[in-house]
2 protein chains.
Amino acid sequence: MTNLKRSTCPIANVLDLVGDRWSLLIVRDMLLHNKHRYGDFLAADEGITTNILADRLKRLEQYGIIEKTPYQHNPVRHDYHLTEKGRNLKPMMMEMVDWGLKYIPGAGPR
Amino acid sequence: MTNLKRSTCPIANVLDLVGDRWSLLIVRDMLLHNKHRYGDFLAADEGITTNILADRLKRLEQYGIIEKTPYQHNPVRHDYHLTEKGRNLKPMMMEMVDWGLKYIPGAGPR
DNA sequence: CGGGATCCGTCTTGATACTG
DNA sequence: CAGTATCAAGACGGATCCCG
């Protein structure tokens with residue numbers, strides 16, 4: 001995954017930020033499943049591994065899609081929350097849900 | 001990119017099909033730019049390479065998102081078109097455009 | 001000549017072990 | 001339990017080759 005802008009096309013730009021197999025699943029967990037902690041994301045059905053999760057959280061934060069706030073010190077622990085930018089991914093994700101439910105056999109709630 | 005279903009979550013399922021940096025750009029070219037031939041896709045701004053393009057066309061066809069029809073024989077040449085399944089990705093892609101235009105500086109038409 | 005396959009170096013992914 | 005280090009396996013990207 002690159003950080004460079006490939007073009008000025010907004011679709012390409014969006015794919016540069018979240019066009020991988022994991023980022024939007026983390027957003028989904030925060031947006032639809034009220035999950036906000038590292039262990040919550042690790043426990044999702046898809047089984048993301050720790051190195052990928054840590055990397056994606058870092059990237060999403062850099063992109064301004066999520067932000068972290070400490071809820072405990074020594075050792076420090078964070079809650080991860082969507083920013084407004086992140087929350088506004090919801091319409092796009094709901095269209096993904098609609099399309100998936102309609103066209104992918106076996107896709108379904110929970 | 002894997003072919004396996006990671007879960008029954010429709011968002012994860014969609015990402016399994018088109019959650020990479022190139023597939024949706026090919027769909028975009030067909031859907032919004034009236035491009036239907038191999039060379040058209042190669043000429044897009046983002047500069048996809050031939051091996052990736054050939055692979056993605058194959059996958060999108062397997063997934064029933066596009067289909068190819070010959071427009072010439074000896075040597076055989078194809079037009080690539082979206083199926084109904086592929087065309088119905090439009091609402092999702094329009095949401096991507098809206099979000100990209102709103103939140104990614106420098107994103108813009110053409 | 002244009003579609004697309006192949007080869008190869010590099011970067012990314014994903015599993016697992018490890019650290020605080 | 002959150003996050004890092006390590007390393008093998010695979011995907012990517014570039015160049016070139018092949019075939020009609």
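Chain letters run A, B, ... following the sequence lines, proteins first, then strands; residues in each count from 1.
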Novice: Show every ring-ring contact (aromatic ring centres under 6.0 Å, His included) that has at least one partner inside residues 7-29 of chain B, sequence neighbours left out.
Specialist: none
Novice: So which nucleotide from C/dG4, D/dC12, D/dG3 ends up closest to the side chain of B/Ile52?
Specialist: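 Among the listed nucleotides, the one closest to the side chain of B/Ile52 is D/dC12.
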Novice: Please tell me if B/Lys58 has a side-chain N or O lying less than 4.0 Å from either OP1 or OP2 of C/dG4.
Specialist: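 Checking C/dG4 against B/Lys58, no side-chain N or O comes under 4.0 Å of OP1 or OP2.
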Novice: For D/dA11 and B/Trp22 - does any side-chain N or O of the residue sit under 4.0 Å from the phosphate oxygens OP1/OP2?
Specialist: no
Novice: State which residues pass side-chain contact (heavy atoms from CB on, under 4.5 Å) with B/Pro75; sequence neighbours excluded, sorted by chain then number.
Specialist: B/Gln72, B/Arg77
Novice: Tell me the closest heavy-atom pair linking B/Asp45 and A/Ser7, and the distance in Å.
Specialist: CB-CB, 4.0 Å
Novice: I want to verify a distance call: between C/dT13, C/dG14, D/dT4, whose nearest atom is closest to the A/Arg56 side chain?
Specialist: C/dT13
Novice: Please state how far atom CG in A/Asp55 lies from atom P in D/dT6, giving the value in whole angstrom units.
Specialist: 17 Å
Novice: With B/Asp79, which residues qualify under side chain to side chain donor-acceptor pair (under 3.5 Å), at least two apart?
Specialist: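 B/Asp79 satisfies side chain to side chain donor-acceptor pair (under 3.5 Å) with B/Arg37 only.
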Novice: Listed by chain and number, what are the side chain to side chain donor-acceptor pair (under 3.5 Å) partners of B/Thr49, not counting sequence neighbours?
Specialist: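 With neighbours one apart ignored, the set is B/Asn51.
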Novice: Sugar-phosphate means primed atoms, P, OP1 and OP2; the rest is base. With that split, encode nucleotides 14-20 of chain D 5' to 3' as B, S or - using protein heavy atoms under 4.0 Å.
Specialist: BB----S
Novice: Looking at five pairs on each end of the helix from C/dC1-D/dG20 to C/dG20-D/dC1, what is the angle between the two axes, given to 10 degrees?
Specialist: 20°
Novice: Please name all residues satisfying side chain to side chain donor-acceptor pair (under 3.5 Å) with B/Asp29, sequence neighbours left out, ordered by chain then number.
Specialist: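 With neighbours one apart ignored, the set is empty.
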Novice: Just the rounded figure in Å: distance from C1' of D/dG13 to CG of B/Leu25.
Specialist: 15 Å
Novice: Determine the contact category for A/Phe41: base if any of its heavy atoms lies under 4.0 Å from a base atom, sugar-phosphate if only primed atoms, P, OP1 or OP2 are that close, otherwise nothing.
Specialist: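 No contact at all - A/Phe41 keeps every heavy atom at 4.0 Å or more from the nucleic acid.
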Novice: C/dG2 P sits how many Å from B/Leu53 CG, rounded?
Specialist: 15 Å
Novice: Per the side chain to side chain donor-acceptor pair (under 3.5 Å) rule, what does the pair list look like for residues 89-103 of chain B, sequence neighbours excluded?
Specialist: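 Non-adjacent pairs meeting side chain to side chain donor-acceptor pair (under 3.5 Å): A/Glu84-B/Tyr103, A/Asn88-B/Tyr103.
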Novice: Between atom CG of A/Leu32 and atom CE of A/Met94, what is the distance when rounded to the nearest 0.5 Å?
Specialist: 6.0 Å
Novice: With sequence neighbours excluded, tell me which residues meet side-chain contact (heavy atoms from CB on, under 4.5 Å) with B/Glu61.
Specialist: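 With sequence neighbours excluded, B/Glu61 shows a side-chain contact (heavy atoms from CB on, under 4.5 Å) to B/Ile66, B/Lys68, given in chain and number order.
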Novice: Check whether any side-chain N or O of B/Tyr80 sits under 4.0 Å from OP1 or OP2 of C/dG3, and answer yes or no.
Specialist: no
